[in-house]
Protein chains: 2
Amino acid sequence: MNEDVKDLNLSVVKAFTLLDAFTMDKQEWGVRELAIKKGYNKSTTYRLLNTLESLGVLQKNDNDKYLLGLKLFELGNLVAIHKTLRKYSRTPLENIAREIKETVHFGVLDKNQVLYLNKTESPQGLKVSTQIGSYQKAYCTAIGKVLLAFLPEQKLADYLQTVSLDACTANTITNRETLQKELQKIRVQEYALDMEELELGLICIAMPVYNNRGEVIASISVSGPSSRFKLENIENYISIIKKGAQAIEANIY
Amino acid sequence: MNEDVKDLNLSVVKAFTLLDAFTMDKQEWGVRELAIKKGYNKSTTYRLLNTLESLGVLQKNDNDKYLLGLKLFELGNLVAIHKTLRKYSRTPLENIAREIKETVHFGVLDKNQVLYLNKTESPQGLKVSTQIGSYQKAYCTAIGKVLLAFLPEQKLADYLQTVSLDACTANTITNRETLQKELQKIRVQEYALDMEELELGLICIAMPVYNNRGEVIASISVSGPSSRFKLENIENYISIIKKGAQAIEANIY
DNA sequence: AAACAGTGTTTCATATAATGAAACGTTTTA
DNA sequence: TAAAACGTTTCATTATATGAAACACTGTTT
């Protein structure tokens, strides 16, 4: 946590630490509960929240609870990195979803995790739902395994050394050597499968997206419940996803 | 500026003031230039930027310049308010754009300005391009005029009293009474036109989106260059946009 | 090659501004 | 009706943000 002890502005750190408490699962916070949650003094928390509200970073609900505010929406839309990727992935993802009728995700690797940049949800009732902008473990998702597989050798080695391979389901790869072999296989076949490795009942298939220097910069996945997702369709899926990947590749540098 | 003199955390205010310097037009900032721009001390600016970087709010470029970071992308995607609107506007906007082949915008009123929540760009070369999450003056845009027209009486009165009607082009409505009459007309006909009132050569048509209590909560617009945008097509445009508005209305509460 | 200008970075004494315990109003719950 | 729960304000204290100046590094100019 306190790695470098650089001389940071503590108030600003606290402010963003407070903001981190706002998640999909808990979108509303009162002063007191947030102070307790983060271990800050009530007064401090109160003033920070107040400050953030006056900046439009937070806004108050009817219940006097705080919510993330539109300033963050504004700033979030200005983030330059990956913006192009998001923009040009939209239509191809939709085309894939239309053909396969399952949820399609688009992500990159950031800080050794999968960062979801875009998605198109399945039109069907039973579907996967991931939060855009959220992170997920790389080693147990199809997208993540694709991105890991095509990582430069040294970066992959670093990852494999430092990552903690916790089991999410009984199928999760928790052994470094097994993972290494899996990644080798993915490099050859140019797609990755996630056979309920992250979540029981959830199967995904992912393929790489290349830039024009031949580097893998992103990945597309299709996810569905194991009840629908039949392995005999894989060849079909692959060709549809490949088409989408190429459509994205045509637009990026 | 210093309206209430509430006791705010100044560091946090400064941090966000720095972030506000990052715009579409200027996405990169160095320490020194940003310090000068905001009138802060170089050391202070340096430390704030450093802090923000360590939080992932900013990230460094190759050139040692700072860019908005992925933390903001993450937070921006969690902003609950208007999220539903964004989600359900996507497909209808695309359908409109496909039929009309012009850029389609979707926005709400926030702090008396138009906040753009979503868009689908025209497939044609010559097109309007607005930044999602950005704000625009209400009184000289079609979306804005629709949203003003259906504002509760008191709120509209407040707006008309306080707004400064600056001319953007020769066509901008700069007279309060003229604007009031225009809004009256919009209420009746249920659509607004922007005849080069914001920008020369740019014409827009906008229509309201209602919630199920009959209140106007958002607006859809179609924008195109005056060279293409013919008034004889208006009836056609109206019916296409109306269809889109209804598709959105079907999904929101 | 030396001087210079333009950067980011670090230092350190100083004063400002963030801090927290406690008290104060409200509203909600028992 | 008491008590608990919550947001808000106060005020003395001390922690910490501050800024001028020096430093280090880079590329440009003379």
Side-chain angles (χ1 to χ4, degrees), chain A residues 1-23 25-69 71 80-81, chain B residues 1-22 26-69 71 80-81:
Chain A
M1 282 284 154
N2 206 5
E3 347 177 331
D4 238 76
V5 198
K6 268 192 198 165
D7 112 74
L8 303 177
N9 184 308
L10 300 185
S11 297
V12 175
V13 172
K14 274 184 194 162
F16 277 95
T17 307
L18 290 180
L19 291 179
D20 273 334
F22 293 79
T23 63
D25 302 324
K26 180 121 178 71
Q27 307 196 342
E28 295 185 349
W29 285 95
V31 175
R32 202 183 201 88
E33 52 173 349
L34 191 46
I36 291 166
K37 158 90 177 180
K38 293 294 179 181
Y40 297 157
N41 183 283
K42 196 164 44 115
S43 305
T44 303
T45 307
Y46 170 73
R47 278 178 297 232
L48 284 172
L49 292 177
N50 230 327
T51 303
L52 291 169
E53 189 201 358
S54 84
L55 292 163
V57 175
L58 291 176
Q59 49 192 122
K60 270 197 184 166
N61 221 3
D62 310 325
N63 338 332
D64 256 14
K65 304 267 182 182
Y66 289 92
L67 287 170
L68 294 182
K71 175 103 250 160
I81 311 124
Chain B
M1 280 285 154
N2 207 6
E3 348 177 331
D4 238 79
V5 199
K6 267 191 197 165
D7 111 75
L8 304 177
N9 184 307
L10 299 186
S11 297
V12 174
V13 172
K14 274 186 195 160
F16 277 94
T17 307
L18 290 180
L19 290 179
D20 273 334
F22 293 80
K26 180 121 178 71
Q27 309 196 341
E28 294 185 349
W29 286 94
V31 175
R32 204 184 201 90
E33 52 173 350
L34 190 46
I36 291 165
K37 159 89 179 179
K38 292 295 179 182
Y40 297 158
N41 183 283
K42 196 164 45 116
S43 306
T44 304
T45 307
Y46 170 74
R47 278 178 296 232
L48 284 172
L49 291 178
N50 230 325
T51 303
L52 291 169
E53 189 202 356
S54 84
L55 293 164
V57 175
L58 291 176
Q59 49 192 125
K60 270 197 185 167
N61 221 3
D62 310 324
N63 339 331
D64 256 15
K65 304 267 182 182
Y66 289 94
L67 286 170
L68 293 182
K71 176 103 252 160
I81 312 124

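This structure is a prediction, so every number in the text was calculated from the model and none was measured. In what follows, chains carry the letters A, B, and so on, assigned in the order in which the sequence lines appear, proteins first and then strands, with residues in each chain numbered from 1.
Rounding to the nearest 0.5 Å places OG1 of A:Thr45 at 11.5 Å from CG of A:Asn50. Put simply, CD1 on A:Ile36 and CG on A:Asn41 are 11.0 Å apart, with the number rounded to the nearest 0.5 Å.
Among residues two or more places apart in sequence or in another chain, the side chain to side chain contact (heavy atoms under 4.5 Å, CB included) test is passed with B:Ser54 by A:Leu8. Taking the side chain to side chain donor-acceptor pair (under 3.5 Å) definition, one finds that B:Asp64 meets it with nothing, sequence neighbours left out. Under the rule for a ring pair (Phe, Tyr, Trp, His ring centres under 6.0 Å), the partners of A:Phe16 that lie at least two apart in sequence or sit in another chain are B:Phe16. Applying the side chain to side chain donor-acceptor pair (under 3.5 Å) rule to B:Thr44 yields no partners; only residues at least two apart in sequence or on another chain are considered. With sequence neighbours excluded, the residues forming a side chain to side chain contact (heavy atoms under 4.5 Å, CB included) with B:Phe22 are B:Trp29, B:Leu34, B:Leu58, B:Tyr66, B:Leu68, listed by chain and number. Scanning for side chain to side chain donor-acceptor pair (under 3.5 Å) contacts around A:Ser11 gives B:Asn9, with sequence neighbours left out.
The backbone N or O of A:Asn63 lies less than 3.5 Å from no partner atom in the side chain of A:Asn61, so there is not a single donor-acceptor pair.
Nearest heavy atoms, A:Val12 versus B:Ala15: CG2-CB, 3.8 Å.
Between its opening and closing five pairs, the helix from C:dA1-D:dT30 to C:dA30-D:dT1 changes axis direction by 30°, a value rounded to 10 degrees.
Separating the CG atom of B:Leu10 from the P atom of D:dA17 is a distance of 12 Å, rounded to the nearest angstrom. For the pair B:Glu33 CD and C:dT7 P, the interatomic distance rounds to 8 Å; values are reported in whole Å. Taking atom CG of A:Asn61 as the reference point, atom C1' of D:dG7 lies 15 Å away to the nearest angstrom. Going from atom CG of B:Leu8 over to atom P of D:dT8 covers 13 Å, rounded to whole Å. Between A:Asn50 atom CG and D:dG7 atom P there is a gap of 12 Å when expressed in whole angstrom units. For A:Leu34 and D:dA5, the CG to P distance is 18 Å, given to the nearest whole Å. Separating the CG atom of A:Asn9 from the P atom of D:dA15 is a distance of 17 Å, rounded to the nearest angstrom. As rounded to whole Å, 10 Å separates atom P of D:dT8 from atom CG of A:Leu49.
The salt bridge (charged side-chain N to carboxylate O under 4.0 Å, His left out) contacts involving residues 29-46 of chain A comprise A:Lys26-A:Glu33, A:Glu33-A:Lys65, where partners must be two or more places apart or lie in separate chains. Sorted by first then second residue, the salt bridge (charged side-chain N to carboxylate O under 4.0 Å, His left out) pairs that include residues 8-21 of chain A, not counting sequence neighbours, are A:Asp20-B:Lys71.
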Kindly give the atom pairs (protein nitrogen or oxygen, nucleotide nitrogen or oxygen) under 3.5 Å for nucleotides 27-30 of chain C.
none

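Interface residues of residues 35-46 of chain B facing DNA chain C, ordered by number: B:Lys42, B:Ser43, B:Tyr46; criterion, heavy-atom separation under 4.0 Å.
Among the protein residues, B:Lys65 comes within range of no part of the nucleic acid, since none of its heavy atoms lies under 4.0 Å from any strand.
When the nucleotides C:dT19, D:dG19, C:dT7 are ranked by their closest atom to the side chain of A:Arg47, C:dT19 comes out on top.
Between B:Leu48 and A:Trp29, the one whose closest nucleotide on DNA chain D sits nearer the 5' end is A:Trp29.
The phosphate of D:dA5 has neither OP1 nor OP2 within less than 4.0 Å of any side-chain N or O from A:Arg32.
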